[in-house]
2 protein chains.
Amino acid sequence: MEQIRNVIKNMINISDDEMKNLLSFCFIKKFKKKEILSHPGVIPSEIFFINEGIIRVLVNDPAGDEHTIHFALENQFIADYSCFIQHQPSLYTLQALEAVICVVMPRSVIEWGYRELKQGDKLGRLIAEFYFIYQDNRINNQYIRSPKERYNSITQVFPNIHNRVPQHMIASYLGITPIHLSRLKKEND
Amino acid sequence: MEQIRNVIKNMINISDDEMKNLLSFCFIKKFKKKEILSHPGVIPSEIFFINEGIIRVLVNDPAGDEHTIHFALENQFIADYSCFIQHQPSLYTLQALEAVICVVMPRSVIEWGYRELKQGDKLGRLIAEFYFIYQDNRINNQYIRSPKERYNSITQVFPNIHNRVPQHMIASYLGITPIHLSRLKKEND
DNA sequence: TGAAAATCTAAACATTTGTTAACGCTTTAA
DNA sequence: TTAAAGCGTTAACAAATGTTTAGATTTTCA
């Protein structure tokens, strides 16, 4: 629990007692490569914190095709946070792309944190703000940058992604076909 | 200040004294149609709450073209929130599309609220979560719905938008050209 | 280890979307 | 009140991106 402790400590002031209590409600869980952490249609009951490995978030469109909408890396929180907040059935699938070791924070822990931690709401605010900024940047890029430009700068958001994720998932994340990404790479030379 | 009072009351528990103090730091400001509320390049120093009117958020790409990335309606908070949080020069322009009456919340008020209000951080968390959900939905739609489908459902997000905003700005928001939107509408019949 | 699955690239063709130019209509503002 | 600006549509053409099919290579896992 060393990693999550450090991440939280960097965001809020929290006493050793508070931290001990908070983490006593959490537990470690491991997933094999390709395993599903969270299925669509189920109301999310937990948030994951990644100690090791990489997780992709994907959604299926009405035609049944998969779209990779996000990658989550080490030391990040991940969930279908939108549905988690709204107590709604999840739209997304969370899948381990490598063997994953993560900390599971059940919903009851989050709620306990908001109630009992002095800076619980602040922690929630900072995390929501963090992902808001990430999304804002994404949406902005969608308007002002071409797929090629977005491809060329993807490592700024996901360092080392090219060595950890198949190219066709990156294409999917960029909103283009793998064939088209192949073409764009060729142009780059 | 009746509207903002109601919106805040619906989000958190706040005493009459707290509310009085909070709003005493805020003030009403009016903008004419087409007037700019906030310019790019300036670190945002305030958040606006719209009593009346409609505001569009736009960004200029490197080629100098405008992209409408958001509309803000009555009873909503609006700012370049990402840059506001990060204390960075704004990327966006905020422009009144109608005569606007709004409440201005200076940064000092927000910071005061986080320090002094019992549920200040909770209010911040709920607002950040609200916009996170909005953005998540947008990003999701980008992957699984066509421009035409997004056009057909735009009133779910912006009620009455067609009577308040020129069509070419809606096209811009959807990420397509006005000519193309015109074509899509024709197909709809 | 070896067969099956996954991955990347390529070419040919199809579809979608953008660009330019033109026209009529409405709104704006001097 | 009237000239100018803004708006929505259309057509013809251009560019970007998707689809299908195929083949070569690498990875997976039984």
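In what follows, chains are A, B, ... by sequence order, proteins preceding strands, each numbered from 1. Only a predicted model underlies this, so the values are computations on that prediction, with no experimental measurement involved.
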Audit row: A/His67, B/Asn140, side-chain contact (heavy atoms from CB on, under 4.5 Å) steps and yes/no:
CA-CA 9 Å; A/His67 301 266; B/Asn140 188 15; over 6 Å; no
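Smallest separation of non-hydrogen atoms from B/Phe27 and B/Pro106: CE2-CG, 4.1 Å.
D/dT17 atom C1' lies 16 Å from atom CG of A/Asp65, rounded to whole Å. When rounded to the nearest whole Å, the span between CD of B/Glu187 and C1' of C/dT17 equals 11 Å. Computed from coordinates, the A/Leu184 CG to D/dA16 P distance equals 10 Å when rounded to whole Å. Distance B/Arg183 CZ to C/dT16 P: 11 Å, rounded to the nearest Å. Computed from coordinates, the B/Leu97 CG to C/dT27 C1' distance equals 15 Å when rounded to whole Å.
Put simply, A/Lys185 has a side-chain N or O that comes within less than 4.0 Å of OP1 or OP2 on C/dT9.
Residues B/Phe77 and B/Phe130 place their aromatic rings such that the two centres sit no closer than 6.0 Å.
The side-chain hydrogen bond (donor to acceptor under 3.5 Å, both in side chains) test with A/Asp121 singles out one residue from B/Lys122, B/Arg125, B/Lys118, B/Gln119, and that residue is B/Arg125. The residue from B/Lys32, B/Lys33, B/Arg164 that alone fulfils the side-chain hydrogen bond (donor to acceptor under 3.5 Å, both in side chains) condition with B/Glu98 is B/Arg164.
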Classify every nucleotide of nucleotides 25-30 of chain D by which part a protein heavy atom approaches to under 4.0 Å, writing B for the base, S for the sugar-phosphate alone and - for neither, in 5'-to-3' order.
---S--
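Residues A/Glu149 and A/Ser153 bring no donor and acceptor atom of their side chains to less than 3.5 Å of each other. No hydrogens or angles considered: nothing links the side chains of B/His70 and B/Tyr131 as a donor-acceptor pair under 3.5 Å.
For the segment residues 148-182 of chain A, residues with any heavy atom less than 4.0 angstrom from an atom of DNA chain C are, sorted by number, A/Pro166, A/Gln167, A/His168, A/Ile179, A/Ser182.
Classification of A/Glu35 and A/Lys29 as a salt-bridged pair fails, no side-chain N sitting under 4.0 Å from a carboxylate O.
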